[in-house]
Amino acid sequence: MVSIEEALKLINHQQVDLIPDELPLAQSLDCYLSDQIISPFDLPSFDNSAMDGYAVCGEQKSFEIIGEVAAGNTVDTRLKEGQAIRIFTGGKVPENTTAVIMQEKIEVEGKTLKLEDEPVKGKNIRKKGVEIAAGQVVFETGHRITPATIGVLSSLGFGTVSVYQQPSIHIIATGNELVEPGETKKIGQIYESNSQTLASALQNQGFYCGGRKIIEDDLEAITAGISDSLNQCDVLLISGGISVGDYDYVKQALEENGVQEVFYKIFQKPGKPLYFGRKENQFVFALPGNPASSLTCFYVYALPLLQRLSGGKGDGLMHVNIPISHSYEIEFDRPVFLKAKIENKNVTILDGQGSSMIHSMAQGNALVFVKGPIKLTEGDLVDCLLI
């Protein structure tokens with residue numbers, strides 16, 4: 001058995017091979033950049049208007065209106081002293097423009113523009129390169145592509161982007177009692193939920209489950225199922241069958257498939273029977289079968305490795321320190337991840353902390369990590385993992 005710190009260190013020290021790839025920008029969301037992004041030009045690439053109004057030349061209160069400039073107009077326009085031109089948001093500002101006057105602060109009489117106040121030089125003009133300069137490093141290698149990233153890259157004209165390939169991931173759920181949702185179950189059976197939960201957690205974190213299967217508690221079947229998945233994936237997530245029961249065959253099946261154990265069992269609650277192994281450049285997490293334990297272990301241990309395999313730093317979930325809204329006591333001597341909810345700048349430990357209870361996890365948005373035994377009082381800062 002290892003500590004949480006030892007387990008995370010063993011995972012983080014695994015050598016990973018990153019494979020660069022070129023993807024269409026529209027397909028790159030949640031990938032990590034494999035190269036720097038250098039701006040090919042200034043952004044904006046020309047002085048443009050920040051709003052609808054009039055571009056004016058001079059600092060008087062009355063101007064002659066000579067025309068208009070719409071967004072997308074590529075004709076170069078030059079204003080002379082005392083002239084004004086109708087302009088719209090994003091329109092290219094004419095040469096010699098003193099300022100753009102918002103339309104709510106003007107009066108038009110025929111071809112004459114009258115202002116309430118004298119123009120302020122540079123007002124309402126977005127200057128060329130004010131956001132990004134030509135040659136500037138826009139994003140560093142390892143940057144995770146977000147919707148805003150795609151917006152920036154689109155603005156810079158990138159149709160494709162260099163990223164690291166994401167790992168292919170398979171999920172296996174084991175258990176004689178498991179039935180697919182939607183099918184008819186008998187007394188003694190339960191609907192399988194862990195593989196669905198893990199696949200959703202993967203998607204929520206920007207990954208994709210490439211294969212999912214349910215296998216009965218049979219050594220031969222589990223061994224064959226693991227072999228099949230290892231022929232197709234980089235990371236295998238297994239739910240259940242990793243404890244010490246009479247029908248827990250996963251550990252033996254992994255050994256028969258040549259997977260080398262890195263660690264087995266962690267001093268924590270929930271999720272003690274967690275297995276992590278490696279076969280060449282493939283990784284296996286055998287997660288506990290209890291739903292809350294399975295998802296907690298995925299977030300804490302599997303997610304950081306998946307991020308590293310994709311070119312990220314492997315920070316896992318975001319951590320924040322937040323005051324607890326009530327007193328809480330843990331009497332046992334073990335680190336614990338508690339299902340919790342953050343609201344109104346405080347965190348509340350929820351009822352239903354059993355490792356089989358995932359409903360409380362669905363009601364919450366955080367895991368509170370503390371080391372027992374401990375007595376917490378209202379206002380104490382606690383470490384919260386945002387889920």
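Model, not experiment: these values are computed from the prediction.
- A donor-acceptor contact shorter than 3.5 Å is absent between the side chain of Gln196 and the backbone of Glu192.
- Put simply, CE on Met51 and CZ on Phe88 are 14.0 Å apart, with the number rounded to the nearest 0.5 Å.
- Annotation for Glu329: atom CD counts as buried by contact number, over 12 foreign heavy atoms lying within 6.0 Å.
- Ser227 places no side-chain N or O within donor-acceptor distance of the main-chain N or O of Thr223, the cut-off being under 3.5 Å.
- For Asn290 and Ser356, the side-chain atoms include no donor-acceptor pair closer than 3.5 Å.
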For this session: Decide yes or no on side-chain contact (heavy atoms from CB on, under 4.5 Å) for Ser34 and Leu18, but give the supporting numbers first.
Result: CA-CA 9 Å; Ser34 62; Leu18 300 178; over 6 Å; no
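- At a cut-off of 3.5 Å, with distance as the only test, no side-chain donor of Ser39 or Gln136 sits close to an acceptor on the other residue.
- For the atom pair CD (Gln189) and CG (Leu178), the distance works out to 9.0 Å, reported to the nearest 0.5 Å.
- Each of Thr348, Ile349, Ile322 was compared with Val368 under the side chain to side chain contact (heavy atoms under 4.5 Å, CB included) criterion, and only Ile349 meets it.
- Counting only heavy atoms from C-beta outward, the side chains of Phe369 and Ile4 approach each other to under 4.5 Å.
- Side-chain contact check for Gln36 and Glu140: at least one donor-acceptor pair (N or O, by modelled atom type) lies under 3.5 Å.
- Using cut-offs of 30° and 60° on the angle between ring planes, the pair Phe276 and Phe283 is parallel.
- Residue Glu104 places its CD atom among more than 12 non-hydrogen atoms of other residues, nucleotides or ligands, all under 6.0 Å distant.
- Take Ile65 and apply the side chain to side chain contact (heavy atoms under 4.5 Å, CB included) test, not counting sequence neighbours, and it matches Tyr54, Val108, Leu113.
- For Asn257 (side chain) and Val259 (main-chain N/O), no donor-acceptor pair under 3.5 Å exists by modelled atom type.
- Within the 4.5 Å cutoff, the side chain of Gln353 has heavy atoms near those of the Leu338 side chain.
- Within the 4.5 Å cutoff, the side chain of Thr174 has heavy atoms near those of the Asp217 side chain.
- The two residues Gly352 and Met357 come nearest to each other via the heavy atoms CA-SD, 3.5 Å.
- Summarising the geometry, atom CZ belonging to Arg78 is positioned 13.5 Å from atom CD1 belonging to Ile85; distances are rounded to the nearest 0.5 Å.
- Gln60 pairs by the side chain to side chain contact (heavy atoms under 4.5 Å, CB included) definition with Phe63, Glu81, not counting sequence neighbours.
- The aromatic rings of His143 and Phe139 lie parallel to each other, their planes meeting at an angle below 30°, with 60° marking the opposite boundary.
- Under a 3.5 Å cut-off, the side chain of Asn73 and the backbone N or O of Val75 do form a donor-acceptor pair.
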For this session: Let me see the working for Lys61 and Glu118 under side-chain contact (heavy atoms from CB on, under 4.5 Å), right down to the final yes or no.
Result: CA-CA 5 Å; Lys61 291 186 178 181; Glu118 293 180 357; 4.0 Å; yes
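- By the 4.5 Å heavy-atom criterion applied to side chains, Pro323 and Lys345 are not counted as neighbours.
- For Phe41, the CZ atom sits in a packed shell: over 12 heavy atoms of surrounding residues, nucleotides or ligands are nearer than 6.0 Å.
- For Glu59, the CD atom counts as loosely surrounded, since its 6.0 Å shell holds 12 or fewer non-hydrogen atoms of other residues, nucleotides or ligands.
- Panel note: side chain Lys313, backbone Pro304; no donor-acceptor pair is recorded below 3.5 Å.
- Under the 4.5 Å side-chain criterion, counting only non-hydrogen atoms from C-beta, Gln205 is in contact with Leu317.
- Counting only distance, with no hydrogens or angles, the side chain of Arg278 and the backbone of Glu280 share a donor-acceptor pair below 3.5 Å.
- Here the side chain of Asn176 pairs no donor or acceptor atom with the backbone of Glu216 at under 3.5 angstrom.
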Check residues 370-387 and write down every donor-acceptor pair under 3.5 Å in which the side-chain atom is one partner and the other belongs to a residue at least two apart or another chain.
from	atom 1	to	atom 2	distance (Å)
Lys371	NZ	Glu5	OE2	3.0
Thr377	OG1	Asp380	OD1	3.3
Thr377	OG1	Asp380	OD2	3.2
Asp380	OD2	Thr377	N	2.8
Asp383	OD1	His319	ND1	3.0
Asp383	OD2	His319	ND1	3.2

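- For the pair Ile238 and Leu254, the minimum side-chain heavy-atom distance is below 4.5 Å.
- Checked by atom type and distance alone, the side chain of Arg308 pairs as donor or acceptor with a backbone atom of Gln14 at under 3.5 Å.
- To the nearest 0.5 angstrom, Leu367 atom CG is 5.0 Å from Thr296 atom OG1.
- Distance check: Leu8 CG to His13 NE2 gives 10.5 Å after rounding to the nearest 0.5 Å.
- No more than 12 heavy atoms of other residues, nucleotides or ligands lie within 6.0 Å of CG in Asp351, so this atom counts as exposed by the packing criterion.
- The closest side-chain heavy-atom distance from Ser154 to Leu25 is below 4.5 Å.
- Inter-residue side-chain proximity for Cys297 and Gln268 is flagged as met; some heavy-atom pair is nearer than 4.5 Å.
- Salt-bridge check for Glu107 with Lys114: failed, with every basic side-chain N at 4.0 Å or more from each acidic carboxylate O.
- Within a 6.0 Å radius of CD in Gln203, no more than 12 heavy atoms belonging to other residues, nucleotides or ligands are found.
- Thr146 and Thr149 form a side-chain donor-acceptor contact under 3.5 Å, judged by distance and modelled atom types alone.
- Using a distance-only test at 3.5 Å, with no hydrogens or angles considered, no donor-acceptor pair links the side chain of Ser49 to the main chain of Gly91.
- No side-chain donor from either of Thr112 and Glu109 sits under 3.5 Å from a side-chain acceptor of the other.
- Partner of Phe298 under the side chain to side chain contact (heavy atoms under 4.5 Å, CB included) criterion, out of Leu274, Leu202, Asn194: Leu202 alone.
- Here the side chain of Ser3 pairs a donor or acceptor atom with the backbone of Glu6 at under 3.5 angstrom.
- Transitive grouping of hydrophobic side chains (ILVMFWY, heavy atoms separated by less than 4.5 Å) brings Val262 and Leu305 into a common cluster.
- Here Asp42 contributes atom CG and Glu131 contributes atom CD; the two are 11.0 Å apart, rounded to the nearest 0.5 Å.
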For this session: Report the C-alpha distance between Asp234 and Leu309 in whole Å, list the side-chain angles of each, state the deciding distance to 0.1 Å, and finish with yes or no for side-chain contact (heavy atoms from CB on, under 4.5 Å).
Result: CA-CA 9 Å; Asp234 302 307; Leu309 288 168; 5.6 Å; no
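- The cationic group of Lys251 does not satisfy the cation-pi geometry with Tyr275, failing either the under 6.0 Å distance to the six-membered ring centre or the 45° limit from the ring axis.
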Problem set entry | Criterion side-chain contact (heavy atoms from CB on, under 4.5 Å) on Ile172 and Ser229, from CA distance to verdict | CA-CA 8 Å; Ile172 294 176; Ser229 288; 3.7 Å; yes
